[in-house]
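Counting begins at 1 with the first residue of the sequence.
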Amino acid sequence: MAVAVLINSSRGDSSSSCSLKKHDMSELAPVSNRTKVSPVALVAGLSILVFGIDFWLQDSRQIHVSGSTPLGGALNGVATDRGGCFDALAGEICTVLVCMIVPAACVRIQRGNLAKRSRLKAAQRGSCGGKLAGANRASGCNARALTPPGERLLSRASMHSPVALEDRSSSGESSKGGGSPYALAKWNAAIAAAVRTDDQEKAERLLEDIKSAGLRPDAASFNPIIHACAKRGDIAAAEAWHGKMRSAGVEPNTISYNIMMDACVKADGADAAERWLEKMFEPGAPAANEVSFATVIHARAKLGHLVQAEKWLDKMIASGIEPNIVSYNSLIYGCGKKGDLDGAERWMAAIERRGLAPRVTTYTAVVDACAKCGDVDRAEKWMERMLASGIEPNVVSHSAMIDACSKAGNAERARHWHQVMLDRGVQPNAHSFSAVISACAKAHDVAAALQHLELMDEWKVPADVVVFSSVLDACAKVGDADRARAVFDLMRARGVRPNVVAYASLARSYAHRGNWEEVEDIAQDMQASGLRMNDYFLYAQLVAYSNARPRRESARAEQAFRDACAAGVQPNKHVLSALTRAVGRFRCQGLIKELEVPHGGMQKVSTALRRPRRMPPSPGSSPKTLASLGESMCTN
């Protein structure tokens, strides 16, 4: 058998470094292999030997029964029972044939597989074929020149990546420009690998080297670079590479357009995403798929544009593309964002009519819609339906359920569902603890908030600044400054950097007591840490001045308000209400006119003054249980 192999002809013809020669397989095989016994012959010999021994043993048993000599018994057996002997002989022959044919077939199949692997490896090395072979012979390039430098030993995982699979599917186009499609696949895999390591310069250099190697890049060559630009939010660069692809004579495929739409969605550019999708309906453009439509639907639903999102869903169905569950999840999420719980349930009914299987994210989106509306009963109903359908709620589902209870001010149900999550073995996270602690804070239950903060240590969940701020808010609502200071010190001891909300919550704990000196120290500490005052902290500071005893600190309140407005703080109605109580209504109106406070400051003052004032608790009015809770946790 003759095979074609590429050998280096530098020993013979110096004018070309790449030549095609034919060699007989026997000449290529090593000398030691020629003396080896064929596996088929070995198996056949063993089978014949077993046949002979087995036949002899059967005759021996017949002879032993008759009591004659071996030779005489065999002759008597042949004469007396010739028919039975021939039947046994035929059975033995069939057994031998089966024992010979089956191993021979296995060996034959194994050799065929080895031959296919050898031919595949030869092709992957970039063997010179077609029109490029003659050019390579003339220019003196060998087959390894088609493989990118430093990328000849790519891992098998990169060869099976989505980009590599796409390259193999588009091998027909690349072969038209000359060269092996497997060579281009290796180049594309190298580009994708460079992008995964955030080395875009190398990816761009490899793309240019493809042309130098005599290959024609395809869409899979450009898509990883476009995706890298889109991933870092550089839409302009992604569009520029999209144009370079066309300039190189490469038509973008569906993935190219989907990458651009996804980049626009991440930048909240729903209009731009729609323009890219509309381009796919132009003549000669690739056809849009379910991912294309789902991306634009998500873009509109994310912004609460439910009418536009539903319009694209209808167009998707009209185009003959069956919507997937992701599209409906986006619509349910959009309804929840707008507080349209009925709309979310309507889309759940549409999912069931289409025969789609809701996922855990689908049910979670409905529960989240209930949470935003504060409807605990309907949220619990959808949690029960999720369990009845055999879907186990995850930590996001339970967190949404706890959020619903917190929104409704039902701390008891929030703690119940948090305990249900722990009993089911679902690993909690910082958000789930933050949700239940927030519910405890709204219920002025500092004891439960501290208990859940301590429970985080048992579950090895690190508390972040949001969790600590929720605990501080619980302390501020009851005016427990001592607990608030202990929690604030614990947060710093664990290396969590406080934000302005944490500082403001701590200040509010002292503000209800009228301890404006401590509030001013907290303000200086906050500014020293590089944080700027906002309206939330300004409110706490003005409340401290208004609650000062034996008299209000009106002058300090006015100066703090002036400094905050000069720093660019926009006072809201709560700030103006606190200012009015600190300096008086007429002086507050004068400051608003003098400082030109925007957004209808006078109306905000009137609205705030019409509301009943909630008196802050006195230092001695806290429940007795507060003195004995959280001692060990706050002192660690």
Side-chain angles (χ1 to χ4, degrees), residues 223 226-227 229-236 238-239 242 252-282 285-373 375 382 396-397 400 403:
N223 285 342
I226 298 174
H227 181 68
C229 299
K231 187 176 180 181
R232 66 171 183 266
D234 193 351
I235 300 179
E239 292 179 347
H242 206 272
N253 57 13
T254 303
I255 297 177
S256 307
Y257 283 92
N258 290 347
I259 291 173
M260 295 303 306
M261 285 186 285
D262 184 65
C264 297
V265 172
K266 291 178 179 177
D268 291 335
D271 294 334
E274 285 185 346
R275 286 195 297 270
W276 281 103
L277 181 56
E278 290 171 352
K279 290 180 181 180
M280 302 184 74
F281 292 96
E282 298 177 355
N289 58 11
E290 59 181 12
V291 177
S292 309
F293 284 99
T295 302
V296 176
I297 292 173
H298 175 68
R300 285 302 181 186
K302 180 181 178 183
L303 301 176
H305 303 162
L306 298 180
V307 177
Q308 294 91 327
E310 188 171 353
K311 180 196 72 173
W312 281 109
L313 180 68
D314 295 337
K315 192 169 184 178
M316 180 181 186
I317 297 174
S319 301
I321 300 176
E322 185 67 21
N324 56 14
I325 194 65
V326 177
S327 302
Y328 286 103
N329 288 351
S330 300
L331 291 167
I332 296 173
Y333 169 78
C335 292
K337 192 170 185 179
K338 296 193 68 175
D340 186 6
L341 181 53
D342 294 334
E345 293 182 339
R346 176 170 58 87
W347 286 116
M348 280 295 296
I351 291 174
E352 295 177 355
R353 287 195 304 269
R354 286 200 163 269
L356 296 175
R359 302 176 181 174
V360 63
T361 52
T362 311
Y363 285 105
T364 302
V366 181
V367 175
D368 183 67
C370 299
K372 288 181 171 60
C373 298
D375 196 330
W382 284 106
V396 182
S397 309
D403 280 334

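Listed by chain and number, the residues in a salt bridge (Lys or Arg N to Asp or Glu O under 4.0 Å) with K311 amount to none (sequence neighbours excluded). Residues satisfying the salt bridge (Lys or Arg N to Asp or Glu O under 4.0 Å) criterion with D403, sequence neighbours excluded, are absent altogether. K302 pairs by the salt bridge (Lys or Arg N to Asp or Glu O under 4.0 Å) definition with D268, not counting sequence neighbours. A search for salt bridge (Lys or Arg N to Asp or Glu O under 4.0 Å) contacts involving E290 returns nothing, not counting sequence neighbours. Partners of H242 according to the ring-ring contact (aromatic ring centres under 6.0 Å, His included) rule, which considers only residues two or more places apart in sequence or in another chain, are Y257, W276.
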Do any side-chain atoms of residues 339-349 form donor-acceptor pairs under 3.5 angstrom with protein atoms, and if so which ones, sequence neighbours left out?
{"residue": "D340", "atom": "OD1", "partner": "G343", "partner atom": "N", "Å": "3.0"}
{"residue": "D342", "atom": "OD1", "partner": "R378", "partner atom": "NH2", "Å": "3.0"}
{"residue": "E345", "atom": "OE1", "partner": "R378", "partner atom": "NH2", "Å": "2.7"}
{"residue": "E345", "atom": "OE2", "partner": "R378", "partner atom": "NE", "Å": "3.3"}
{"residue": "E345", "atom": "OE2", "partner": "R378", "partner atom": "NH2", "Å": "3.3"}
{"residue": "E345", "atom": "OE2", "partner": "W382", "partner atom": "NE1", "Å": "3.0"}

Evaluate side chain to side chain contact (heavy atoms under 4.5 Å, CB included) for T362 paired with L356, printing each intermediate quantity in order.
CA-CA 11 Å; T362 311; L356 296 175; over 6 Å; no

Is there a salt bridge (Lys or Arg N to Asp or Glu O under 4.0 Å) between K372 and D368 once you walk through the steps?
CA-CA 6 Å; K372 288 181 171 60; D368 183 67; 2.5 Å; yes

Run the side chain to side chain contact (heavy atoms under 4.5 Å, CB included) test on Y328 and I297 for me, step by step, so that the C-alpha distance in whole Å, both residues' side-chain angles and the decisive distance to 0.1 Å come before the verdict.
CA-CA 9 Å; Y328 286 103; I297 292 173; over 6 Å; no

Set out, in order, the CA-CA distance, both residues' side-chain angles and the distance that settles side chain to side chain contact (heavy atoms under 4.5 Å, CB included) for V307 and R300, then state yes or no.
CA-CA 8 Å; V307 177; R300 285 302 181 186; over 6 Å; no

N289 vs N258, test: side chain to side chain contact (heavy atoms under 4.5 Å, CB included). Steps then yes/no.
CA-CA 9 Å; N289 58 11; N258 290 347; 3.4 Å; yes

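Taking OG of S319 as the start and CG of D314 as the end, the distance is 10.5 Å to the nearest 0.5 Å. Here the OG1 atom belonging to T364 is positioned 12.5 Å from the CZ atom belonging to R359, to the nearest 0.5 angstrom. Considering CD of Q308 and CG of D271, their distance stands at 8.5 Å, rounded to 0.5 Å. Distance CD1/I255 to CE/M260: 14.5 Å, rounded to 0.5 Å. Here CG of L331 is found 11.0 Å from NE2 of H298. Values are rounded to the nearest 0.5 Å. Distance check, rounded to the nearest 0.5 Å: CE of M280 to OG of S256 gives 9.0 Å.
At least one donor-acceptor pair closer than 3.5 Å links the side chain of T254 to the backbone N or O of A287.
By the 4.5 Å heavy-atom criterion applied to side chains, S397 and V367 are not counted as neighbours. At a threshold of 4.5 Å between non-hydrogen side-chain atoms, the residues V296 and K315 do not count as touching.
For K231, the NZ atom is loosely surrounded, since the number of other residues' heavy atoms within 6.0 Å does not exceed 12.
Contact between P323 and M316 at its shortest, heavy atoms only, is CA-CE, 3.4 Å. Residue A273 comes nearest to C264 through the heavy atom pair N-CB, 3.8 Å, listed as atom of the first residue, atom of the second, then distance.
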